[in-house]
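As structure tokens, the structure follows; a few thoughts come after it.
Start at 1 and go down the list; that is how both ligands and their atoms are numbered.
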Amino acid sequence: MATQIEELNKLIWLMLIDSYGLGEKWESVMINYKTLVRFMKYMAPPPEEYERGLFAHTDKPVSTIICDDHVSGLEIKVNDGQWIKLSLSPSSFCFVVGDPLKAWSNGRLKAVNHRVMMSGDKDRFSLAAFAIPVEGTIIKAPEELIDEQHPQLYKDFNFMDFFLFAFSDPAKHIDSGEQLQAYASLSPPISH
Ligand SMILES: O=C(O)CCC(=O)C(=O)O
Ligand SMILES: [Fe+2]
């Protein structure tokens with residue numbers, strides 16, 4: 001299954017790369033990564049309660065593919081600040097853009113804030129496949145994604161340095177969705 005999820009992830013990345021007109025140079029802009037798979041079990045809450053299963057966050061890996069066992073619970077925060085529950089169909093996979101992919105896209109892709117909230121009487125099982133870049137990977141937006149209209153928003157950074165920052169003590173005081181900004185934002189943005 002891990003191989004199939006890796007294939008799905010690669011396909012989605014290639015579609016993204018292609019959608020930005022970079023299909024011909026996909027090999028040079030593609031991030032080399034390994035897949036880390038994590039299974040999770042969220043216990044059903046006490047009767048009638050609506051309980052947090054996983055705190056709100058944006059993902060720190062480049063991207064994540066999530067599937068669950070049909071007990072919904074995954075929620076995303078939309079632009080007006082409301083939380084929307086995703087009801088994934090039995091055969092669907094959810095692709096989540098992580099902070100590094102947002103930086104790679106020079107802000108075009110949004111790293112959605114998400115959380116897990118539990119209700120009802122069933123435990124929830126989910127599987128998350130995280131794309132973790134190989135050691136030494138520098139996250140940088142392709143030059144084609146930077147111009148006068150789209151100045152460079154983030155400095156180039158080593159993935160692992162950002163990852164360690166996000167789980168460091170100082171970063172605990174920064175809202176998860178603001179950590180990329182705190183770590184890598186260029187102000188003012190640089191147009192090339
Ligand atoms: O279990 C889920 O549905 C979400 C998991 C998740 O967001 C994470 O592990 O980063
Ligand atoms: Fe997540």
### Rounded distance (nearest 0.5 Å) linking atom CD1 of I84 with atom NE2 of H114
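Reported value, rounded in 0.5 Å steps: 15.5 Å.
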
### Message
Let me confirm one number: the CD1-CD1 distance from I138 to I31, rounded to the nearest 0.5 Å.
### Response
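If we round to the nearest 0.5 Å, I138:CD1 and I31:CD1 are 11.0 Å apart.
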
Numbering the atoms of ligand 1 from 1, which are under 4.0 Å from a heavy atom of [X]?
{"X": "H114", "result": "7 (O)"}
{"X": "I66", "result": "3 (O), 4 (C)"}
{"X": "Y42", "result": "1 (O), 2 (C), 4 (C), 5 (C)"}
{"X": "S126", "result": "1 (O), 2 (C), 3 (O)"}

Looking at ligand 1, would [X] count as a contact under a 4.0 Å heavy-atom criterion?
{"X": "L74", "result": "yes"}
{"X": "R124", "result": "yes"}
{"X": "D68", "result": "no"}

#### Entry: Lys/Arg-Asp/Glu bridge criterion (N-O < 4.0 Å) met for D69, R124
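No, D69 and R124 are not salt-bridged.
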
Protein residue, atom and distance nearest to [atom], heavy-atom basis:
{"atom": "atom 6 (C) of ligand 1", "result": "L54 CD2, 3.5 Å"}
{"atom": "atom 10 (O) of ligand 1", "result": "H57 NE2, 3.0 Å"}
{"atom": "atom 9 (O) of ligand 1", "result": "R38 NH2, 2.7 Å"}

### Task
Of all the heavy-atom pairs spanning I146 and P151, show the shortest one and how long it is.
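That closest heavy-atom pairing would be CG2-C, 4.3 Å.
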
### Distance-minimising heavy-atom pair for A141 and A103
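Looking at all heavy atoms of both residues, the closest pair is CB-O, 3.9 Å.
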
#### Entry: NE2 (H114) - the Fe ion (ligand 2) - OD1 (D59) angle, nearest 10°
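The two atoms form an angle at the metal of about 90°.
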
### Query
Would you call the rings of Y183 and F165 parallel, tilted or perpendicular, where under 30° means parallel and over 60° means perpendicular?
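Rings of Y183 and F165: tilted, 30 to 60°.
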
### Task
Find out whether the Lys NZ or Arg CZ of K102 is both under 6.0 angstrom from the six-membered ring centre of Y154 and within 45° of the ring's axis.
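No, K102 and Y154 do not form such a contact.
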
### Message
Exactly one of Q181, K60, H57 should register a side chain to side chain donor-acceptor pair (under 3.5 Å) with D99. Which one does?
### Response
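That would be K60; it is the only one of Q181, K60, H57 passing the side chain to side chain donor-acceptor pair (under 3.5 Å) with D99.
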
### Task
Specify side chain, backbone, both or neither for V116, according to which of its non-hydrogen atoms lie closer than 4.0 Å to ligand 1.
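Only the side chain of V116 comes within reach of ligand 1.
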
### Task
Report the part of V96 in contact with ligand 1, treating N, CA, C, O as backbone and CB onward as side chain, heavy atoms under 4.0 Å; options are side chain, backbone, both, neither.
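V96 to ligand 1: no contact under 4.0 Å from either part.
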
### Message
With heavy-atom distances below 4.5 Å as the criterion, would you say the side chains of Y33 and V62 are in contact?
### Response
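Heavy-atom side-chain distance check fails, nothing below 4.5 Å.
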
